[in-house]
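Just so we're on the same page: letters track the sequence lines, and every chain starts at 1.
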Amino acid sequence: MDIEQKQEELIEYFVKQAETHKGASLANVIVEATSHSSLFAFSEILSVPNIVQLQGTEHSVYLDMLRLFAHGTWNDYKSSAGCLPQLIPDQIRKLKQLSVLTMAEMNKVLPYDQLMQELDVSNVRELEDFLINECMYAGIVRGKLDQLRRCFEVQFAAGRDLRPEQLGSMIQTLTNWLATSDNLLLSIQDKIKWADTMSELDKKHQKEVEDRVEEVKKSLS
Amino acid sequence: EEQVLIIREKLAELYESEQQWSRAAQMLSGIDLDSGIRMIDDTYRLSKCVQIARLYLESAKFAAKNDGSAGFIWQDDDAVNAEAFINKASFLVSNSQQEVLNLQYKVCYARILDLKRKFLEAALRYYDISQIEKRQIGDEWIDEEALQQALTAAVTCTILAAAGPQRSRVLATLYKDERCSKLKIYPILQKVYLERILRKPEIDAFAEELKAHQKALLPDNSTVLDRAMIEHNLLSASKLYTNISFEELGTLLGIAPQKAEKIASRMIYEDRMRGSIDQVEAVIHFEDDTEELQQWDQQIVGLCQALNDVLDSMAKKGL
Amino acid sequence: ENSLLRQVSSLLRRLPAIESGKFQDDFL
């Protein structure tokens with residue numbers, strides 16, 4: 001069962017929680033959601049009116065926290081730690097998991113050095129244990145660890161919440177893919193036509209040769 | 001002979017009541033089951049063979065509890081004798097209509113295979129026993145607890161069996177049997193089936209549930225469990241890594257790099273793992289079972305599947 | 001539909017389907 005199906009129920013649960021809570025208890029809902037080990041998507045919760053109304057109130061830092069989990073990375077948190085609530089270990093782990101997903105959005109081959117810098121990890125063993133236990137075994141990425149080339153080759157990565165500005169490039173990629181697929185289908189059809197034509201010509205040539213053989217036989221006899 | 005038989009059975013009964021299993025078994029072993037003088041029917045022969053094998057097994061189990069703690073493997077005569085009598089019973093059981101006796105034979109046979117560390121064969125027999133539908137055979141009641149024990153024994157033996165394709169098939173059968181999800185041992189079955197690396201705390205918790213002979217030492221001073229777990233983790237690592245240094249592999253498996261290399265080379269040689277070892281660089285290169293072009297096909301299939309899932313989701317949402 | 005967008009985003013990242021050096025040789 002892929003990650004989206006797994007977290008669908010969780011999203012519904014936290015959206016309902018957000019709709020029925022206000023103020024300080026809403027902040028708790030946000031902390032609970034950003035700590036839950038199986039939740040990696042926060043856009044739906046972010047769009048609940050009660051959450052949006054936190055803006056400008058004494059709890060707006062929790063709205064900022066939720067936005068960080070929807071689109072930010074561990075480095076983003078570190079650079080603005082002063083104006084965000086202290087994260088608990090479960091939140092830190094999740095933000096680092098989400099950071100791996102963000103890196104996987106840009107590249108399919110993630111260098112260890114970049115991963116270690118991004119995740120604040122000091123050695124290969126610790127990095128690989130994180131990628132194995134918290135990412136691959138959590139089902140958010142699939143891939144292979146290459147120690148010789150010191151990189152992590154990503155075969156699959158769960159999608160993070162999209163920022164509005166990402167839509168354009170996504171549509172562009174889909175358009176390119178569609179065009180490539182159409183061209184591929186066209187060239188396959190051309191190949192099929194070419195093959196048919198060639199086989200017709202071969203058959204015709206073969207027939208001519210056989211007729212010629214017959215003629216020669218007759219003339220000999 | 002008749003009188004001798006009666007005395008032997010009486011003496012065996014007394015030894016059994018004093019839990020002197022081996023002596024009770026030896027007493028019954030003296031009965032000449034192939035005597036030409038007296039007519040002995042096959043059912044009697046079968047029941048005696050099974051009874052003797054069970055007594056030897058009890059004795060072997062009892063000995064393991066004591067010797068096992070000394071940490072030395074024991075090629076116990078009891079296990080050998082038990083197997084000898086269960087093999088005799090094998091020729092008789094196919095014609096037997098005695099359901100109780102047949103069940104006792106099956107349990108005995110599974111336990112002997114387990115004792116002799118033929119874990120995969122033992123697992124298949126335990127699993128067969130766990131699938132018994134009848135809840136009463138003769139005047140014996142088969143309760144859920146007994147079936148669960150047989151199922152747990154099947155899972156345990158499969159986990160202890162040497163990693164490889166056959167074990168994977170049995171693991172898949174057990175993992176898909178929803179009765180297993182209720183077993184205490186299920187979490188480790190799941191991880192083993194999903195080919196996930198097992199960490200030391202999980203292995204120690206699993207070791208708590210093992211029988212003495214399953215914790216006995218092998219000639220190379222490692223235990224059956226150690227070997228099974230290291231091989232499993234090595235296979236699991238081969239699914240995660242393109243290549244890994246033996247230094248790191250040793251750390252990951254919790255063993256010395258040299259030992260990791262030795263076990264890896266044996267598994268590659270026995271064709272239970274695909275890969276190659278570069279001793280100069282002290283690195284192992286894991287190979288995928290599937291060729292690159294097939295991997296390409298698989299990735300494309302996965303991609304199209306994911307695309308279909310998106311389209312299905314859109315259809316479901318009326319988009 | 002955020003969930004759909006996430007799925008599409010994840011799907012697009014699976015392209016190209018494979019790009020290892022060994023694959024290029026085998027493919028050629």
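Residues of residues 84-119 of chain A lying under 4.5 angstrom from chain C, judged on non-hydrogen atoms, are A/L101, A/A104, A/E105, A/K108 in numerical order. Close approach to chain C, defined as a heavy atom under 4.5 Å from one of its heavy atoms, is seen in A/A158, A/G159, A/R160, A/D161, A/L162, A/L167, A/M170, A/T173, A/L174 of residues 158-176 of chain A, taken by number. Residue-level contacts of residues 188-196 of chain A with chain C do not occur; threshold 4.5 Å between heavy atoms.
A/F14 places a side-chain heavy atom less than 4.5 Å from the side chain of A/E32. With contacts defined as side-chain heavy-atom distances shorter than 4.5 Å, the pair A/I30/A/L54 qualifies. Looking at heavy atoms from C-beta onward, A/E126 lies out of side-chain contact with A/D129 at the 4.5 angstrom threshold. Using a 4.5 Å cut-off on side-chain heavy atoms (C-beta onward), A/L185 and A/T180 make no contact. With a 4.5 Å cut-off on side-chain heavy atoms, A/L46 and A/V52 do not count as touching.
The backbone N or O of A/D76 sits less than 3.5 Å from a side-chain atom of A/T73, completing a donor-acceptor pair.
Residue contact with chain C, scored on non-hydrogen atoms closer than 4.5 Å, involves the backbone of A/Q155 exclusively.
Around OH of A/Y62, the count of heavy atoms belonging to other residues, nucleotides or ligands within 6.0 Å does not exceed 12.
Here A/D146 does not pair with A/R150 in a salt bridge; the nearest charged N to carboxylate O distance is not below 4.0 Å. The pair C/R6-A/E44 meets the salt-bridge criterion, since a charged nitrogen lies less than 4.0 angstrom from a carboxylate oxygen.
Chain A forms more heavy-atom pairs under 4.5 Å with one residue of C/V8, C/L15, C/L5 than with any other, namely C/L15.
Side chains of A/E4 and C/S3: a donor-acceptor N/O pair is present below 3.5 angstrom, by distance only. No donor-acceptor contact under 3.5 angstrom links the side chains of A/Q53 and A/T57, judged on distance only. At a cut-off of 3.5 Å, with distance as the only test, a side-chain donor of C/S9 or C/R13 sits close to an acceptor on the other residue.
Sorted by first and then second residue, the pairs that involve residues 12-22 of chain A and meet side chain to side chain donor-acceptor pair (under 3.5 Å), not counting sequence neighbours, are A/K22-A/N50.
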| request: Apply side chain to side chain contact (heavy atoms under 4.5 Å, CB included) to the pair A/F42 and A/M65, showing each step before the final yes or no. | output: CA-CA 11 Å; A/F42 304 94; A/M65 176 199 270; over 6 Å; no
